[in-house]
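Counting starts at 1 for both ligands and their atoms, following the listed order. Keep in mind it's a predicted model, so treat the numbers as computed, not measured.
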Amino acid sequence: MKTFTKSFTQQEPIPESAIEAAVKVMRSGRLHRYNSAAGERSETDLLEIEFADYMDVPYALACSSGGYALHVALCAAGVQAGDKVLCNAFTLAPVPGAIHNSGAVVVLVDVDENYCIDLDDLHAKALQSGAEYLMLSHMRGHIADMDRVMAICEEFGIVLIEDCAHTMGAFWDGKRSGTFGLVACFSTQTYKHLNSGEGGFLISSDAQLMARAIMYSGSYMLYTNHCAAPDPQVFADISLQTPNYSGRMDNLRAAILRPQLAQLDSQCKRWNDRYALMEVILHQCEAIRLTQRPVKEQYVASTLQFSLPQFSTQSIVEVVEQCAARGVVLKWFGAAMPDGYTSRYDSWCYIQDMPSLPVTEQRLSKLLDMRIPLTFTEKDCQLIAQIICEVVGELTISD
Ligand SMILES: *Cc1c(COP(=O)(O)O)cnc(C)c1O
């Protein structure tokens with residue numbers, strides 16, 4: 001029986017050029033982003049310029065984490081305590097956490113059969129709740145029909161905030177994910193598309209919003225150091241009105257991110273090549289349902305999701321166990337109790353008036369998920385897909 005032995009949490013090493021850049025920063029002693037020598041642009045400033053350029057937006061802010069960026073995005077967009085914010089029920093815990101951190105009320109929206117936000121439910125919840133904000137998670141890199149998302153936002157006057165933790169490098173209909181809303185956030189935490197341990201970005205084309213975000217991030221009165229930022233006069237009315245929520249990025253992390261950003265597009269291609277190979281094999285297994293990906297969606301498949309629509313909960317648990325016994329680590333989003341990074345919406349018990357979302361529970365109960373770290377070769381990915389097919393196939397027969 002074939003087994004797989006590599007770790008699903010092992011990322012690639014940091015590129016040598018990035019290690020050298022980090023060592024240079026450490027030798028300089030100037031790790032704080034505003035601690036620059038005369039005439040020097042700090043690594044953090046340069047990273048922001050390069051990320052804004054990559055995203056083709058005027059403004060970018062690097063900060064301490066993706067979840068922090070989401071919190072600051074909400075505050076900078078004007079969210080006040082008690083405001084309602086629509087949010088995917090299928091997402092990672094830092095997303096509702098950021099909404100809670102801003103004092104706002106989370107309004108959960110169902111997941112659809114392709115793991116995107118359910119647009120009919122979004123429309124219904126927008127109407128019912130009167131929420132003025134949508135924090136849209138492109139969860140696991142699945143991009144909802146952005147044409148319809150934007151139409152719904154327009155219909156209800158909803159401000160869109162994008163959580164692009166899984167869509168850095170992705171597009172919808174030729175437009176970069178993260179350029180649809182008023183503001184978008186990214187993560188550079190180890191398991192995302194760039195790895196600085198912890199870290200995040202916030203981007204926007206709105207000068208006022210960005211000035212507020214920079215002040216919130218803890219710029220003190222040093223905001224003129226920022227290069228991917230609005231003109232200093234934009235800060236005039238904002239700087240004294242905006243509290244300092246201290247959450248800056250430092251030059252060490254910026255130094256290791258810059259060479260990675262330069263390689264991002266080729267890394268995205270490597271993920272998609274692996275995904276495509278797995279898809280071909282998994283498609284041969286009748287019990288497995290893969291998402292139909294719309295032609296307008298140019299995704300980055302750094303993870304893979306599939307469902308087993310005909311399987312009982314018991315059989316799905318067996319799939320997870322038997323795959324694990326053969327070295328293939330699958331995450332199940334249907335479990336009632338949170339496990340590791342994986343938690344279902346109803347475990348976020350701090351949410352006011354927690355709704356019951358039977359459609360989401362039904363869909364998540366069939367959903368399995370795995371990471372595709374780039375330390376896996378294409379052959380590794382084929383082996384993993386074969387193991388999944390064998391396990392699922394055997395259980396189909398015995399069911
Ligand atoms: C990782 C993640 C975040 C938060 O990023 P951190 O940098 O870990 O705070 C937000 N949303 C999603 C969907 C994520 O996966």
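- Among protein heavy atoms, the minimum distance from atom 1 (C) of ligand 1 is reached at Lys192 NZ, 1.4 Å.
- Ring geometry, Tyr275 versus Tyr299: the interplanar angle exceeds 60°, so the pair is classed perpendicular (tilted spans 30 to 60°).
- Ligand 1 has no nitrogen or oxygen under 3.5 angstrom from a nitrogen or oxygen of Arg140.
- Between the Arg274 side chain and the Arg270 main chain, a donor and an acceptor come within less than 3.5 Å of each other.
- Checking only distances, Gly67 does come within under 3.5 Å of ligand 1, N or O to N or O.
- Using a 4.0 Å cut-off between charged nitrogen and carboxylate oxygen, Arg148 and Asp120 count as a salt-bridge pair.
- No option in Glu40, Glu48, Glu43 other than Glu48 meets the salt bridge (charged side-chain N to carboxylate O under 4.0 Å, His left out) test with Arg33.
- Atom 8 (O) of ligand 1 has as its closest protein heavy atom Gln189 NE2, 3.2 Å.
- For ligand 1, the polar-atom distance check finds no N/O of Glu198 at less than 3.5 Å from any of the ligand's N/O atoms.
- Polar contact check, Gly66 against ligand 1: a nitrogen or oxygen pair lies under 3.5 Å apart.
- Nearest protein neighbour of atom 13 (C) of ligand 1, counting heavy atoms only, is Asp163 OD2, 3.3 Å.
- Between the side chains of Ser137 and Asp163, a donor-acceptor pair is found at a separation under 3.5 Å.
- Inclusion of Ser187 in the set of residues having an N or O under 3.5 Å from an N or O of ligand 1 is warranted.
- Using 4.0 Å as the threshold, Gly199 has a heavy atom nearer than that to some atom of ligand 1.
- Taking the six-membered ring where tryptophan is involved, the planes of Phe376 and Phe8 are perpendicular, since the angle between them exceeds 60° and thus also 30°.
- With hydrogens left out, the protein atom closest to atom 15 (O) of ligand 1 is His166 NE2, 2.6 Å, a heavy atom.
- Using a 4.0 Å cut-off to heavy atoms of Val95, the atoms of ligand 1 that qualify are 10 (C), 11 (N).
- Between the side chains of Gln267 and Glu12, a donor-acceptor pair is found at a separation under 3.5 Å.
- Not one N or O of Tyr68 is nearer than 3.5 Å to an N or O of ligand 1, by distance alone.
- No side-chain N or O of Thr342 forms a donor-acceptor pair with one of Asp339 less than 3.5 Å apart.
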